[in-house]
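See structure below.
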Amino acid sequence: MTELEDKVRVEVGKVQDPETGQTFEEMQMIQNVKETAPGTITVEFVPTSPFCPIAFKLASDIRDAARAVSGVEKAIVYCHGHAMEEQINDMTNK
């Protein structure tokens with residue numbers, strides 16, 4: 001894992017699920033953090049349920065937390081396991 005990947009994993013892990021008050025790290029929602037190109041980070045996560053009503057917000061929160069890390073120029077977020085994952089991914093990464 002690169003240093004940037006480590007920093008991003010820590011930051012996105014601090015994001016709290018507003019429904020439970022737990023962090024994404026505590027809930028083990030972050031599946032993967034990968035530096036796919038210099039300064040470009042891809043984060044994959046799974047929401048708490050396939051019909052999680054706030055999955056769009058969670059994806060945005062993850063993207064914003066990743067972007068806030070020094071050295072990140074672009075953050076791409078992929079939601080997996082949600083009934084609307086394609087729409088979530090499209091909206092979050094447009």
Side-chain angles (χ1 to χ4, degrees):
M1 194 174 276
T2 69
E3 183 179 342
L4 188 58
E5 290 170 353
D6 285 337
K7 288 179 183 178
V8 170
R9 183 174 287 280
V10 167
E11 288 307 307
V12 298
K14 292 177 185 177
V15 175
Q16 285 193 331
D17 179 330
E19 292 181 328
T20 66
Q22 291 184 303
T23 66
F24 288 6
E25 180 181 2
E26 291 170 326
M27 297 177 70
Q28 299 178 357
M29 292 173 66
I30 305 301
Q31 288 190 316
N32 192 32
V33 176
K34 184 75 177 159
E35 186 173 11
T36 54
T40 300
I41 289 287
T42 299
V43 180
E44 298 178 41
F45 82 103
V46 175
T48 54
S49 80
F51 302 102
C52 176
I54 59 169
F56 283 93
K57 179 185 180 345
L58 299 179
S60 294
D61 290 349
I62 291 169
R63 182 197 60 218
D64 295 345
R67 283 182 180 167
V69 174
S70 178
V72 174
E73 297 171 21
K74 183 176 183 180
I76 302 166
V77 176
Y78 291 113
C79 173
H80 298 293
H82 191 277
M84 296 181 68
E85 72 181 58
E86 185 176 330
Q87 292 90 339
I88 293 167
N89 296 337
D90 288 345
M91 292 276 300
T92 305
N93 297 309
K94 67 176 180 177

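Since the structure is predicted, the reported quantities are computational estimates derived from the model, not experimental observations. Heads up: numbering here begins at 1 and tracks the sequence.
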In this structure, are over 12 heavy atoms from other groups packed under 6.0 Å from Glu25 atom CD? no
Counting C-beta onward and ignoring hydrogens, is there a side-chain heavy-atom pair between Pro18 and Leu58 closer than 4.5 Å? yes
Between Gln16 and Phe24, the two heavy atoms sitting closest are C-CE1, 3.9 Å
Is the shortest side-chain heavy-atom distance between Ile41 and Val33 below 4.5 Å? yes
Can Val72 be reached from Phe45 by stepping across I, L, V, M, F, W or Y side chains whose heavy atoms are under 4.5 Å apart? yes
Using a strict threshold of under 4.0 Å (side-chain N to carboxylate O), is an ion pair present between Lys94 and Asp90? no
For the CD atom on Glu26, are there more than 12 heavy atoms of other groups (residues, nucleotides or ligands in this structure) within a distance under 6.0 Å? yes
For Glu3, check side chain to side chain donor-acceptor pair (under 3.5 Å) against everything at least two apart and list the hits. Lys7
Close side-chain approach of Val46 to Met29, heavy-atom, < 4.5 Å: no
Would Ile62 end up clustered with Tyr78 when hydrophobic side chains under 4.5 Å apart are linked, directly or stepwise? no
Residue list, salt bridge (Lys or Arg N to Asp or Glu O under 4.0 Å) with Lys14, at least two apart or on another chain: Glu11
The side-chain contact (heavy atoms from CB on, under 4.5 Å) partner of Asp61 among Ile54, Val15, Asp17 is Val15
